[in-house]
Undergrad: 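Quick one: this structure, given as structure tokens, is what I'll be asking you about.
Small disclaimer: the values here were computed from a predicted structure and weren't measured.
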Amino acid sequence: MKAKPRQLSPMNRPHASRGESPAQADSGPFGAAGAFSGAACVRGGSIPGLDDAPAFSIWQHDPSPVPVVIAVPHAGRSYPPDLVSRMRQPAYSAPRLEDRLVDLVGKAVAARTGAALLVAHAPRAMIDLNRASDDVDWEMIGGRPIEPSGAPVTPSTARRARSGLGLVPRRLPGLGELWKWPIPHEELSARIAGVHEPYHAALTRMLEETRARWGAVLLIDLHSMPPLPARAGEPVAEFVVGDRFGVACDGALVAEAFAALGGARRLAAHNRPYAGGYVLERHARRHLGVNCLQLEIDRRTYLDPALAEPGPGLDATVDVVSALVQRMAIAVADLGRERGHWRAAAE
């Protein structure tokens with residue numbers, strides 16, 4: 001008997017442990033022991049400077065019960081000692097670069113909804129997975145590399161690198177330079193080969209496998225943000241939905257996202273100040289049924305007042321994002337059916 005898109009239902013699974021860290025990826029509801037029934041855990045990539053440490057982990061059902069993939073690129077907390085020793089003020093700068101503990105939200109939502117999940121363990125301080133591999137501030141790498149011909153490598157646009165937040169973050173407001181000395185070329189190459197390239201290859205694979213089954217797929221690139229500044233006493237958005245101004249996601253799916261957030265009485269903004277970065281630019285292919293959103297969550301909604309540890313709002317935030325995923329999964333499945341490629345699985 002074949003399932004129908006409108007029969008998509010939430011998978012009642014336990015939340016991720018609040019204390020879970022990348023180093024404990026085999027414990028909790030996502031562990032390799034199979035507590036997340038039917039979901040395989042696969043690790044990939046490698047973190048330079050940490051022996052046998054994976055750059056990311058994937059939790060995925062086969063076949064996929066919903067046409068949604070969640071990716072968390074900026075919550076990695078596996079810091080090699082050598083990386084930390086080279087930072088000017090690591091206790092201050094490293095947490096500021098993280099989307100602090102937003103992977104706990106992603107894990108709990110994936111466990112509840114059945115969405116596939118990709119979580120980076122490599123920290124953003126090492127390499128930013130939401131930047132192109134050539135978005136580099138070459139001054140902090142000791143100058144541009146040389147081609148075998150002897151000519152310098154053609155410079156990239158380095159859009160984000162110029163602001164200090166390129167592929168390898170260089171500086172932060174209020175802190176200045178993050179590093180004590182330049183990074184060798186060979187080390188940058190190792191970070192790209194061990195972390196950046198395999199992460200994006202894995203994400204491409206996950207999206208294609210899910211799209212092949214459902215005819216369409218939605219990527220939710222999950223981030224968190226510091227509180228947005230208030231303006232003239234107006235309420236501040238707790239969520240920002242980014243679709244690169246319509247380029248990355250079908251408008252009907254974006255409308256479903258805002259309907260879900262509105263139904264939860266959560267104020268949301270569209271594309272401002274976060275429209276989506278390299279992940280959406282690289283992976284969105286609307287004409288092929290690959291839709292992508294960047295979802296930013298105000299850290300106050302799920303962290304404590306110090307924005308350092310899980311807070312009392314975590315469960316409520318998981319409820320909101322889970323409802324959004326469930327609602328959008330139905331719409332994505334319908335979109336795939338309309339495109340004539342939806343493949344239902346046996347119940």
Side-chain angles (χ1 to χ4, degrees), residues 15-22 56-57 68-79 92-113 115 117-131 160 165 169 172-173 199 219-230 235-243 257 260-261 264 266-280 292-325:
H15 290 194
S17 168
R18 294 189 182 186
E20 186 177 341
S21 69
F56 57 86
S57 293
V68 177
V69 174
I70 299 172
V72 186
H74 283 169
R77 300 184 292 280
S78 294
Y79 290 89
Y92 176 72
S93 58
R96 284 191 60 189
L97 287 167
E98 297 175 9
D99 286 350
R100 184 68 179 167
L101 299 178
V102 78
D103 55 315
L104 300 186
V105 177
K107 290 176 182 179
V109 170
R112 186 179 298 184
T113 64
L117 178 67
L118 171 62
V119 175
H121 304 317
R124 186 183 181 189
M126 169 175 281
I127 191 164
D128 191 334
L129 293 164
N130 203 23
R131 301 289 184 266
R160 299 283 188 175
L165 292 174
L172 282 171
Y199 178 92
L219 167 65
I220 297 178
D221 200 44
L222 187 63
H223 296 255
S224 70
M225 61 184 179
L228 296 176
V236 175
E238 294 178 303
F239 295 82
V240 178
V241 177
D243 63 355
L261 294 170
R266 299 299 185 103
L267 187 62
H270 190 199
N271 284 319
R272 300 187 187 278
Y274 305 106
Y278 173 71
V279 170
L280 269 62
C292 302
L293 285 180
Q294 179 170 302
L295 182 64
E296 295 274 358
I297 307 174
D298 187 332
R299 291 171 195 149
R300 294 176 300 182
T301 67
Y302 68 92
L303 293 178
D304 62 8
L307 304 183
E309 299 298 333
L314 175 60
D315 290 343
T317 301
V318 169
D319 289 342
V320 171
V321 180
S322 294
L324 180 149
V325 169

Undergrad: So, taking the atom named CZ in R266 and the one named CG in L261, what distance separates them when rounded to the nearest 0.5 Å?
TA: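 The distance works out to 9.0 Å.
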Undergrad: At their closest point, which heavy atom of A120 faces which heavy atom of L129, and how far apart are they?
TA: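 Minimum heavy-atom contact is CB-CD1, 3.5 Å.
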Undergrad: Between D304 (side chain only) and A308 (backbone N and O only), is there a donor and an acceptor less than 3.5 Å apart?
TA: yes
Undergrad: Out of curiosity, H223 NE2 to N130 CG, how far, rounded to the nearest 0.5 Å?
TA: 4.5 Å
Undergrad: Report yes if some heavy atom in the side chain of Y278 is under 4.5 Å from a heavy atom in the side chain of D128; otherwise report no.
TA: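 In short, these two side chains do not touch, never coming nearer than 4.5 Å.
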Undergrad: Measure the CD1-CE distance between I297 and M225 for me, rounded to the nearest 0.5 Å.
TA: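 The CD1 atom of I297 sits 8.5 Å away from the CE atom of M225.
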Undergrad: What heavy-atom pair brings L324 and A260 nearest, and what distance separates the two atoms?
TA: CA-CB, 3.7 Å
Undergrad: With side chain to side chain contact (heavy atoms under 4.5 Å, CB included) as the criterion, how do Y302 and V102 come out once you've worked through the C-alpha distance, each side chain's angles and the decisive distance to 0.1 Å?
TA: CA-CA 8 Å; Y302 68 92; V102 78; 3.5 Å; yes
Undergrad: Is there a side-chain contact between P173 and R96 (heavy atoms, below 4.5 Å)?
TA: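 They are in contact (side-chain heavy atoms under 4.5 Å apart), so the answer is yes.
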Undergrad: Heavy atoms, side chains only, cut-off 4.5 Å: are L228 and P273 in contact?
TA: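 With C-beta onward as the side chain, the pair touches.
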Undergrad: Strictly distance-based, threshold 3.5 Å: is any side-chain N or O of T317 a donor or acceptor partner for the main-chain N or O of T301?
TA: yes
Undergrad: For the residue pair P169 and A125, what are the closest heavy atoms and their distance?
TA: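 Between these two residues, the closest heavy atoms are CD-O, 3.9 Å.
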Undergrad: Mind running side chain to side chain contact (heavy atoms under 4.5 Å, CB included) on K107 and I70 for me, showing each step along the way?
TA: CA-CA 9 Å; K107 290 176 182 179; I70 299 172; over 6 Å; no
Undergrad: What is the distance from atom CG of L222 to atom CG of L118, rounded to the nearest 0.5 Å?
TA: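 Atom-to-atom, L222:CG and L118:CG are 11.5 Å apart.
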Undergrad: So do D99 and V72 actually touch side chain to side chain, heavy atoms under 4.5 Å?
TA: no
Undergrad: Between the main-chain N or O of L293 and the side-chain N or O of D243, is there a donor-acceptor pair closer than 3.5 Å?
TA: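 A pair under 3.5 Å: no.
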Undergrad: Is there a side-chain contact between E309 and L303, using heavy atoms and a 4.5 Å cut-off?
TA: no
Undergrad: Working to the nearest 0.5 Å, report the span between OH of Y92 and CG of L172.
TA: 7.5 Å
Undergrad: Going by the side-chain hydrogen bond (donor to acceptor under 3.5 Å, both in side chains) test, name the single residue among R299, R300, E296, H74 that passes it with S224.
TA: R299
Undergrad: Nearest heavy-atom pair of A115 and V325: which atoms, and what distance?
TA: CB-CG1, 4.4 Å
Undergrad: So, taking the atom named CG in L117 and the one named CG in D103, what distance separates them when rounded to the nearest 0.5 Å?
TA: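 Going from the CG atom of L117 to the CG atom of D103 covers 8.5 Å.
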Undergrad: For the residue pair D298 and A237, what are the closest heavy atoms and their distance?
TA: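 Nearest pair, atom of D298 first, then A237: OD2-O, 4.4 Å.
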Undergrad: Can you see which heavy atom on V236 is nearest to which on A230, and at what distance?
TA: CG2-CA, 3.6 Å
Undergrad: So L314 and L101, do their side chains get closer than 4.5 Å, heavy atoms only?
TA: no
Undergrad: Any side-chain heavy-atom pair from I220 and V109 closer than 4.5 angstrom?
TA: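 In short, these two side chains do not touch, never coming nearer than 4.5 Å.
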Undergrad: Is any side-chain heavy atom of E238 closer than 4.5 Å to a side-chain heavy atom of V320?
TA: no
